[in-house]
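Here's the structure, in structure tokens; my notes come after.
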There are 2 protein chains.
Amino acid sequence: MQQLIAYIHSLTTFSDDNWQHLLPALSVQYFHKDDYLLKAGEVCNALYFICRGYCRAYYDKDGVDINTDFFFEQDIATNINSYGRREKSAFAIQACESLEVVRFDRELLLSAAARDPQIETLGRLCLQRIAARQEKHTALFKLMSAQERYEYLEQTYPEMLQRVSLSQLSSFLGVARETLSRIRSRRQS
Amino acid sequence: MQQLIAYIHSLTTFSDDNWQHLLPALSVQYFHKDDYLLKAGEVCNALYFICRGYCRAYYDKDGVDINTDFFFEQDIATNINSYGRREKSAFAIQACESLEVVRFDRELLLSAAARDPQIETLGRLCLQRIAARQEKHTALFKLMSAQERYEYLEQTYPEMLQRVSLSQLSSFLGVARETLSRIRSRRQS
DNA sequence: TCTATCCTGTGACGATCGTCACAAAAGCTC
DNA sequence: GAGCTTTTGTGACGATCGTCACAGGATAGA
């Protein structure tokens, strides 16, 4: 919870009163490795603030996993299209390690925001951050080659390369596992 | 303005009162073809709701334009990273046709939202839509080949293929102009 | 420690794509 | 319509990447 408080304060000013209004929408949850926060086909009813561990968002394309995102500590994991538009989720979110999260229940969050505008503001700022992250990530694929994308991750999210296996990382970078292996060996020489 | 009202009502309920609060933050603006809504290096201080015409977001990569986005009628054009984080914009936004927009001034919008929570809600919903759009677009590059991405656009945004030239579209799809030309000729046969 | 399983590295080869070059077609202006 | 500019199509060729196959390493559980 301490991490969540720090996260919120990094986004906006938040009084004890605001916090009391928000609290009913929150619950601490634990997931084991390989547990699902969201399954493909379900409608996403929550945001998950990651306290410890990490998880991935992935599509099942013809039986093969394609990772579209990784969420680490202080990230918010969700499917915006499903959460916002009440659509069935095209991808799943699954714990990659044992995971501690704070769950924001959508319904309860909406009522809290209706009562307390500062919570609405918090929601807007979270979404702003999520959108900014997506905007940057999309640009990677248009501006950079596979190798450049890898180097970008190396510099920008070095911890990701430490924690995510090469196999898992390759689809996130949009290349075959073997190609990523060769990129990596090329760079070490 | 009529289009903006319809757009807002599609997102949330909005009374005359709400509208009166919002109005001071809005201004109708016109751009000629090739005019800039936002130049690279500037900090983005506005959202632009497109009423008529369309524009593009692009990076200048070593003197070559790379289009990262196109915004048409009923879209909101902005640079979220710059708008939200007050960073210098890495890309420019430029009119591709003569353009009519409603400009949301960031400062005035923030004060309006501070006074009227329903405007804050509107802002959150706009961002939700922007984030959802980015989320989908990023997934394209991980799940689909160049040809599949083209076919996806064909089915999902057919009007984009009518209005955007092949040269402009190719960088948006992440392929060379010649490759897109060949994809297109392959499909017509 | 042995074994089963998963992850990573590597070679071979074909498919795809980017680049360069130039021609054809389409728009635009006078 | 002539002449200019911009856009699109196409061929050749090399670079990169994906796929298949398999070997070596790492890891975890019995």
Side-chain angles (χ1 to χ4, degrees), chain A residues 32-35 53-54 56 58-68 70 94-98 139-154 160-189, chain B residues 32-35 53-54 56 58-68 70 94-98 139-154 160-189:
Chain A
H32 293 110
K33 180 167 161 31
D34 297 341
D35 281 355
Y54 78 98
R56 65 178 179 133
Y58 75 94
Y59 284 81
D60 181 317
K61 189 182 185 185
D62 312 322
V64 182
D65 288 2
I66 311 275
N67 295 315
T68 52
F70 292 100
Q94 185 185 36
C96 297
E97 301 175 345
S98 63
L140 286 190
F141 285 85
K142 292 175 183 160
L143 292 172
M144 301 182 190
S145 68
Q147 173 148 359
E148 287 169 330
R149 291 199 291 277
Y150 179 78
E151 290 165 8
Y152 177 85
L153 280 195
E154 238 180 351
M160 191 186 291
L161 274 63
Q162 300 305 315
R163 296 175 74 179
V164 179
S165 77
L166 182 142
S167 309
Q168 298 276 303
L169 198 62
S170 62
S171 59
F172 180 69
L173 284 168
V175 298
R177 180 187 63 76
E178 296 89 338
T179 303
L180 182 54
S181 174
R182 286 176 183 123
I183 287 173
R184 187 174 274 184
S185 65
R186 242 182 286 162
R187 290 185 49 69
Q188 282 168 351
S189 57
Chain B
H32 294 111
K33 181 166 162 29
D34 297 339
D35 282 354
Y54 79 97
R56 65 178 181 134
Y58 76 94
Y59 285 80
D60 180 317
K61 189 182 186 186
D62 312 321
V64 182
D65 289 1
I66 311 275
N67 295 315
T68 53
F70 292 99
Q94 185 184 37
C96 297
E97 300 176 345
S98 63
L140 286 190
F141 284 85
K142 293 175 183 158
L143 293 172
M144 301 183 190
S145 67
Q147 172 147 1
E148 287 170 330
R149 291 200 291 278
Y150 179 79
E151 289 166 8
Y152 176 85
L153 280 195
E154 238 180 353
M160 190 185 292
L161 274 63
Q162 300 304 316
R163 296 176 74 178
V164 179
S165 76
L166 182 143
S167 310
Q168 298 276 303
L169 198 62
S170 61
S171 58
F172 180 70
L173 284 169
V175 297
R177 181 186 63 76
E178 296 88 338
T179 303
L180 182 55
S181 174
R182 288 178 182 120
I183 286 173
R184 189 174 275 185
S185 65
R186 244 182 285 163
R187 289 185 51 69
Q188 283 167 351
S189 58

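All figures in this text were calculated on a predicted structure; none of them were measured in a lab. Sequence lines set the chain letters: A, B, ... in the order given, protein chains first and strands last, and positions in each chain run from 1.
Separating the NZ atom of A/Lys33 from the P atom of C/dC6 is a distance of 11 Å, rounded to the nearest angstrom. If you take CG of A/Leu161 and C1' of C/dT8, they are 15 Å apart, rounded to a whole angstrom. Atom CE of B/Met144 and atom P of D/dG18 are 17 Å apart (whole Å). Distance CD (A/Gln147) to P (C/dC17): 20 Å, rounded to an integer number of Å. Put simply, CD1 on A/Ile183 is 14 Å from P on C/dT8, counting in whole angstrom units. In this structure, B/Tyr150 places its OH atom 18 Å from P of C/dT16, rounding to the nearest Å. As a whole-Å value, the separation of B/Leu180 CG from D/dG9 C1' is 12 Å.
Between B/Ser167 and B/Ser170 the shortest heavy-atom distance is O-OG, 2.9 Å. Across A/Tyr54 and A/Arg163, no two heavy atoms sit closer than the pair OH-O, 3.0 Å.
At the heavy-atom level, A/Ser181 lies under 4.0 Å from base atoms of the strands shown.
With rounding to the nearest 0.5 Å, the separation of CD in A/Glu154 from CD in A/Gln162 is 9.5 Å. Once rounded to the nearest 0.5 Å, the distance linking OG of A/Ser98 with NZ of A/Lys33 reads 10.0 Å. We find the CG-SG distance between A/Asp35 and A/Cys96 to be 11.5 Å, quoted to the nearest 0.5 Å.
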Every protein N/O within reach of nucleotides 20-30 of chain C N/O, cut-off under 3.5 Å:
{"residue": "C/dC20", "atom": "N4", "partner": "B/Glu178", "partner atom": "OE2", "Å": "3.2"}

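Phosphate contact (OP1/OP2 of D/dT10, side-chain N/O of B/Arg186, threshold under 4.0 Å): absent. Contact annotation: B/Ser185 does not reach the phosphate of D/dG9 (side-chain N/O to OP1 or OP2, under 4.0 Å). Residue A/Thr179 has a polar side-chain atom (N or O) positioned under 4.0 Å from OP1 or OP2 of D/dG18.
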Pair up each side-chain donor or acceptor in residues 174-182 of chain A with any protein partner under 3.5 Å, not counting sequence neighbours, and list the distances.
none

Atom pairs and distances, side-chain donor-acceptor, residues 141-152 of chain B, under 3.5 Å, sequence neighbours left out:
{"residue": "B/Lys142", "atom": "NZ", "partner": "A/Thr68", "partner atom": "O", "Å": "2.8"}
{"residue": "B/Lys142", "atom": "NZ", "partner": "A/His137", "partner atom": "NE2", "Å": "2.6"}
{"residue": "B/Ser145", "atom": "OG", "partner": "B/Glu148", "partner atom": "N", "Å": "3.3"}
{"residue": "B/Ser145", "atom": "OG", "partner": "B/Glu148", "partner atom": "OE1", "Å": "3.4"}
{"residue": "B/Gln147", "atom": "OE1", "partner": "B/Arg186", "partner atom": "NH1", "Å": "2.8"}
{"residue": "B/Gln147", "atom": "NE2", "partner": "B/Glu151", "partner atom": "OE2", "Å": "3.2"}
{"residue": "B/Glu148", "atom": "OE1", "partner": "B/Ser145", "partner atom": "N", "Å": "2.8"}
{"residue": "B/Arg149", "atom": "NE", "partner": "B/Leu173", "partner atom": "O", "Å": "3.0"}
{"residue": "B/Arg149", "atom": "NH1", "partner": "B/Met144", "partner atom": "O", "Å": "2.9"}
{"residue": "B/Arg149", "atom": "NH2", "partner": "B/Leu173", "partner atom": "O", "Å": "2.8"}
{"residue": "B/Tyr150", "atom": "OH", "partner": "B/Arg184", "partner atom": "NE", "Å": "3.2"}
{"residue": "B/Glu151", "atom": "OE2", "partner": "B/Arg187", "partner atom": "NH1", "Å": "2.8"}

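The backbone N or O of B/Arg56 sits nowhere less than 3.5 Å from a side-chain atom of B/Gln94 that would complete a donor-acceptor pair.
A 4.5 Å side-chain heavy-atom check between B/Val164 and B/Asn67 finds every atom pair outside the cut-off. The shortest side-chain heavy-atom distance between B/Gln168 and B/Phe70 falls under the 4.5 Å cut-off.
Of the residues in residues 166-173 of chain A, not one comes within less than 4.0 Å of DNA chain D through any heavy atom.
When the C1' atoms of four end pairs are superposed on the next four at each end of the helix from C/dT1-D/dA30 to C/dC30-D/dG1, using five pairs per end, the two resulting axes differ in direction by 50°, to 10°.
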I need a per-nucleotide contact map over nucleotides 25-30 of chain D, read 5' to 3'. Cutoff is protein heavy atoms under 4.0 Å; write B for the base, S for backbone only, - otherwise. ------
